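First comes the structure, then the notes that go with it.
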Amino acid sequence: MKQPPAPNRRARQTAAPLSFSLLVLAAAAAIGVQTVRSWAVASQSVGSESRAAATHLRLMTQLGGSATKLALRGGMAYLGEGPRVVAVDVSDPQAPARRGASAPLPGVVRGMAWSGNLLAVIYRDALANIGNDGLALLDVTDADHPGIVAQLPLDQGPQSLAAVGSRLFVTGHDAARGQTLAAHEVLLAIDAADPARPQPAGKLVLREPGVVSPAPIPLSILEAGDTLWLLRTLQAGNTDETEVIAFDRNLAPADDSQVNIRLPGRHASAAADAARTLVHLIMVEASRGRVTLQTLEPRADVPLRSSLELIERRGCGGPLSLRGTLAAYADRCSRSLQIIDLGDPDRPRLLGRLPLDIASGDLAWSGDRIVLSGGAMGGLLIVDAADPARPSAVGRMAALGSVGRLALHLEPGGNAHLYASDPEAGLWTLDPRAAAAEPAPVDPSAYLISGPLDLPQAADLVVADGRLVVGGWSEGLRPFDLATPGQPRPLPTLSQGRRAESLTTDGRRIYSGLGSVGLAALSFGPEGLEETARLEQPLIWQIDLSADGQRLVGQALGAFFALDPVTLQPLRSWAAPAPDAFKVNRADSLALDGDTLHLGVAAYTYNPQVNSYSDRLMSLRLDPAPSTMAVAAGQAPGTIGSWAGRVLAEDGLILVAGDGQLSVLRSTADGPLPLAEWASPGSGSDLLRWTRDCADEAACVPDLLFLADGDAGLAVLALEADTATPTASADRTATPTASRPTEAAGRRLWLPRVERKP
């Protein structure tokens, strides 16, 4: 039911220096100020612990994902969509039709090449954790049922792929997420003569451990005639160089190169013209976003033939494809397609340009048409380029793309709408029941209520008082009216002078953590979204509400605090534990369960060989007694996903999403105890738990977890008990059965398992 808006208060908290305000709060706690509100202690019964111990995760389906690489054959396009390969019939350019999809691979599809009648695919996990990387061979003879023939795990995260008959060449490096040192770059040869058993056939170490370039495509490999062209980005201080190397494809990859050329700048993509022995590169000047097309004749005395400026500024690179003497280039940042005449390599000419509504992941020519994958927006686009000077879009296949944040809206009567956004793509409206169907629907129209709403830079989103509120990186807060949930209607934007680091809500009020600016409370009034209170306390990062909605808990630098949710007046503060017990500067996410605070943190590690992150789940007890120090309450063993993710906690059960996994833990006296884990092909950047109301408790299905999995799309998992035939709700999960206020807080939704009253 829609809740009334909070009172329209204009009270603003007076600014105070960080050190002074923390000292005041600490002093108040130390002398036991009577106005400090008591904290409810979460009950930890033996029964609830035994039920939690039986909890496990079951993947129901994985939907959508970033549309990456393309491979064409006949009237079919094979599209990398998150961790799957999808077959699309493009014989009718005005109505491209999805046919079938492969089973999900352990990582996101990063490259494709034809090896005879088989489709070779390289995949890697979204955060380069090393371990979910490899090569797969697929039989796509039956477009309705693409099948995985074989998989070969790889120790190096693959970057690009080329095929010469049954021999496959893969470039890669072994840098983990956050690591900039101690990474090898390699060229691998793989023998796929026996498709069921692909075998390594050689390895060339391109570079011993050194600094890894941050370029999106540091390694590219092209096949042209008898030559393999290898392109890689090198870094020297603040300067980027692109190295072009040639190898004889018939020799072992350990042989010396034939050609070695270095160009200033970073390459984003490349294509080879085998007939004229030319290599075309898309070069990006990162400081201004200038993009140029450079043509090389690598074996000539003066290799550089020409350079043509494609974008003056605000470009970032994208795919390049050749058809004869025509080239097609799609820039992801400017969202534009350009067609270039390369008939005279010394004088290339720009023929036509077409604005795009997608950030293309890849493109390929199909006769006079160009097929583009949708990138973060998903799906694909078909462009008619029969007249290169006037290209026109003729067909579009929509699909759920990459997903970064989630929010859920319940209509009166029980209809539910799931909103999924990507920070760089847009906003989708989904039917959560259809998204959770088993088996998963092949046609996205089954779960996509509406097409994507172009909404760049969506940092976080929540649903409050029947409106959707999106926090952008620079635009402030962008509200949408949900009178028609499947068609969000934009409302006036509210500028806050700083990007929203995190958003949460109690169903009426919205709380925006503004980092170095402070914390704001907002609600909807007659004029739209209005700020009702602000705490101008710097360095407020992550925030969460207590289950009863009476306390707002957050983290500042070196301390934790509790605020009144209406006025943002301070109630309590706790200093962080001593560094030897609690090594964390700031949390990436936090969740409050009673008087225990669970923090997902990235612990930074540095030495001359390794510069990396190690993600941890830590717990603190915010003691209600007069004390100024939070007490360390344990740490989950080993590393656990939390980077850019979410932590949810309720009645001793902890859910952590991020860094390539989803974990379930139980809070114990010795700290968080792992119960179950699911390896994710994506980043796991947001998590929403949905407990569906049931009139018949015995027939209730398990709670559903919707995981925003970044480039891997949306994963739907069941949180269930090991008992095959549960007899009561207490046997299924550790979710409480007692009634509590419904919270549709964007990143979580706790609903009681009680019969809905009329």
Side-chain angles (χ1 to χ4, degrees), residues 57-69 78-86 101-112 119-138 146 148 150-159 161 170 172 174-177 361-362 373-376 378 399-406 420 422-423 425 435 440 444 615 639-646 655-664 676-687 705-718:
L57 296 168
R58 175 172 59 88
L59 177 65
M60 298 177 66
T61 187
Q62 183 113 25
L63 301 170
S66 181
T68 53
K69 295 299 182 178
Y78 299 92
L79 173 70
E81 184 181 72
R84 301 176 188 263
V85 174
V86 176
S102 72
L105 294 163
V108 176
V109 174
R110 301 296 184 187
M112 292 182 178
L119 185 61
V121 174
I122 53 173
Y123 56 87
R124 68 179 305 173
D125 77 4
L127 291 178
N129 285 321
I130 307 301
N132 291 334
D133 308 324
L135 176 140
L137 293 172
L138 278 73
I148 299 173
Q151 288 180 241
L152 177 67
L154 298 175
D155 293 332
Q156 287 80 21
Q159 295 288 317
L161 168 69
V170 178
D174 54 7
R177 180 188 63 76
D362 197 8
S373 64
L400 179 64
S402 58
V403 181
R405 291 290 182 258
L406 296 170
D422 180 82
D615 296 330
T639 60
I640 191 167
S642 63
W643 179 261
R646 296 296 191 198
L655 305 173
V656 185
D659 203 20
Q661 66 189 48
L662 173 62
S663 304
V664 182
E677 180 180 301
W678 176 72
S680 162
S683 60
S685 56
D686 204 357
L687 181 66
L705 302 179
F706 293 95
L707 176 69
D709 214 12
D711 284 343
L714 179 72
V716 184
L717 298 99

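Reckoned from all heavy atoms, side chains included, excluding hydrogens, waters and symmetry mates. These figures come from a predicted structure and were not determined experimentally.
Side-chain atoms of D686 come within 3.5 Å of backbone atoms of L406 as a donor-acceptor pair (strictly under, hydrogens ignored). Between the S663 side chain and the V656 main chain, no donor and acceptor come within less than 3.5 Å of each other. A distance-only check finds a donor-acceptor pair linking the side chain of D709 to the backbone of G684 [under 3.5 Å]. E677 places no side-chain N or O within 3.5 Å of a backbone atom of Q661 that could act as its donor or acceptor partner. Checked by atom type and distance alone, the side chain of S402 never pairs as donor or acceptor with a backbone atom of D422 at under 3.5 Å. The backbone N or O of G404 sits less than 3.5 Å from a side-chain atom of S685, completing a donor-acceptor pair. In this structure, T68 contributes its side chain and G361 its backbone to no donor-acceptor pair below 3.5 Å. Panel note: side chain R110, backbone Q159; no donor-acceptor pair is recorded below 3.5 Å.
Between the OG atom of S680 and the CD atom of Q62 there is a distance of 6.5 Å, given to the nearest 0.5 Å. To the nearest 0.5 Å, the span separating CD1 on I122 from CG on L154 amounts to 8.5 Å.
Checked against L655 for a side-chain contact (heavy atoms from CB on, under 4.5 Å), the options L707, L57, L687 give a single hit: L687.
Taking 4.5 Å as the limit, every side-chain heavy atom of Y78 sits out of range of all side-chain heavy atoms of V121. At a threshold of 4.5 Å between non-hydrogen side-chain atoms, the residues L138 and S102 count as touching. Residues P158 and D133 have side chains in contact (heavy-atom distance under 4.5 Å, counting atoms from C-beta outward). At a threshold of 4.5 Å between non-hydrogen side-chain atoms, the residues M112 and D362 do not count as touching. With a 4.5 Å cut-off on side-chain heavy atoms, Q151 and L105 count as touching.
Minimum interatomic distance between A435 and V716 (heavy atoms only, all atoms of both residues): O-CG2, 3.7 Å. Taking each heavy atom of G107 and Y123 in turn, the nearest pair found is N-CD1, 3.6 Å.
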